[in-house]
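Beneath this line is the structure, given in structure tokens, with notes to follow.
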There are 2 protein chains.
Amino acid sequence: MKIGELSARTGVSIRSLRYYEEQGLLAPVRHENGYREYSPLAEEQVRTIKFYLSLGLTTEQIAGFLQCVLINKEAFCNEVLPIYEQKLEEIDEQIRLLQHIKTNLQDRICSIVEERNQLGL
Amino acid sequence: MKIGELSARTGVSIRSLRYYEEQGLLAPVRHENGYREYSPLAEEQVRTIKFYLSLGLTTEQIAGFLQCVLINKEAFCNEVLPIYEQKLEEIDEQIRLLQHIKTNLQDRICSIVEERNQLGL
DNA sequence: ATAAACGCTGACATGAGTGTGAGAGTCAAG
DNA sequence: CTTGACTCTCACACTCATGTCAGCGTTTAT
């Protein structure tokens, strides 16, 4: 399967597929003409990459355990759990920060609305 | 007051003060030697900018109402409320997304832990 | 007078994945 | 044989506030 077909099957742009390869996440063989040839397994592999990216993991993190995960079950890959837990902490931290900002924003909005009401607008 | 002093008073780096000026948020006068001279009011102005940035507003958005806010009360500046509300929506959207990712992460973690337990590890 | 401390401009780097375009080679159908 | 659809590599752009460095001028204190 060539890159265009893999792109169409997975919904991942050709640009991104080449980027994943650059980051060590995909390793298609090459034809004599230089074209990439992907095995049928690559389709599932790309979906797996897509999923991990959607969890906010970086390509570098994914590269750290992808081979293991593709071969074994996730639970067997000791690299995965710490990364998940670290990411979870980061997410919590981001949520906390956003909640804090949200509170401040709501305070400001309330102040404005109240002040306008008091002025009888 | 020169830029170093303003930086020290506000805790905002010299680099950032020059950036704020570039973005139209500050307008110090210049000495003959090219040095920036800030009025004492600039200190409060920088704190105001800092606060709006901490709410996640961009310098462009801040520039849209900063002059008004510095002269009048926030409630008088009609540009402010829509920006606050728009930002609030963005924040909510980001929080939703992060919550969604968090849920997925927790599911993955649970799966791994359970699977390992079943294997008696 | 000299050195340290301060100021100036301009410009590149950051993060991280993706879009986009140029310039060129390859392949298949007409 | 030509045309169009694919593919290749290389490289810049993007977001946006900030860090950082180079190269140079100015002020201040010794």
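Throughout, a chain's letter reflects where its sequence line sits, starting with A, and its residues are numbered from 1.
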Side-chain N or O of [X] closer than 4.0 Å to phosphate OP1/OP2 of [N]:
| X | N | value |
| --- | --- | --- |
| A/R18 | D/dC8 | yes |
| A/Y19 | C/dG17 | yes |
| B/Y20 | D/dA17 | no |
| A/S13 | C/dG19 | yes |

- Between A/R47 and A/E43, is the closest basic N to carboxylate O distance under 4.0 Å?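 Here A/E43 pairs with A/R47 in a salt bridge, since their nearest N and O are under 4.0 Å apart.
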- Run the salt-bridge test on B/R30 and B/E21 with the 4.0 Å N-O cut-off and return the result as yes or no.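 Here B/R30 pairs with B/E21 in a salt bridge, since their nearest N and O are under 4.0 Å apart.
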- Message: As a quick check of understanding, evaluate side chain to side chain donor-acceptor pair (under 3.5 Å) for B/Q86 and B/E90, giving each step before the final call.
- Response: CA-CA 6 Å; B/Q86 179 197 329; B/E90 289 172 22; 3.0 Å; yes
- Message: Which is more 5' along DNA chain D, the nucleotide nearest B/T59 or the one nearest B/N33? Just name the residue.
- Response: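 Its nearest nucleotide being more 5', the pick is B/T59.
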- Message: Let's test your reading of the model: under 3.5 Å, does the base of D/dG25 pair with the side chain of B/Y35 as donor and acceptor?
- Response: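 Answer is yes: a donor-acceptor pair is held.
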- Item | Donor-acceptor pair present, A/R36 side chain and D/dT7 base, under 3.5 Å |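 No, no donor-acceptor pair under 3.5 Å.
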Starting at [atom1] of [X] and ending at [atom2] of [N], how long is that distance when rounded to a whole Å?
| X | N | atom1 | atom2 | value |
| --- | --- | --- | --- | --- |
| B/Y38 | C/dC6 | OH | C1' | 14 Å |
| B/E60 | D/dT15 | CD | C1' | 12 Å |
| A/H31 | C/dA28 | NE2 | P | 11 Å |
| B/L25 | D/dT18 | CG | P | 10 Å |
| B/E22 | D/dT18 | CD | C1' | 12 Å |
| B/Q23 | D/dA17 | CD | P | 6 Å |
| A/I14 | D/dC8 | CD1 | P | 8 Å |
| B/E21 | C/dG10 | CD | P | 12 Å |

- Please work out which of the three classes, parallel, tilted or perpendicular, describes the rings of B/F65 and B/Y52, given edges at 30° and 60°.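 Judged by the thresholds at 30° and 60°, the geometry between B/Y52 and B/F65 is perpendicular.
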- Any sub-3.5 Å donor-acceptor pair from B/R36's side-chain atoms to B/K2's backbone N or O?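 Not at all, since once roles are kept as given, no pair shorter than 3.5 Å links the two residues.
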- Task: Specify the residue among B/E5 and A/K2 whose closest nucleotide of DNA chain C lies further upstream toward the 5′ end.
- Result: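 It is B/E5 whose nearest nucleotide is closer to the 5' end.
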- Output the single nucleotide from D/dT18, C/dG17, C/dG19 whose closest atom is nearest the side chain of B/R15.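 Ranking D/dT18, C/dG17, C/dG19 by closest atom to the B/R15 side chain puts D/dT18 first.
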- Query: Of all the nucleotides listed (D/dT18, D/dT9, C/dG7), which has the minimum atom distance to the side chain of B/S16?
  - Reply: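 Taking heavy atoms from C-beta onward, the closest nucleotide is D/dT18.
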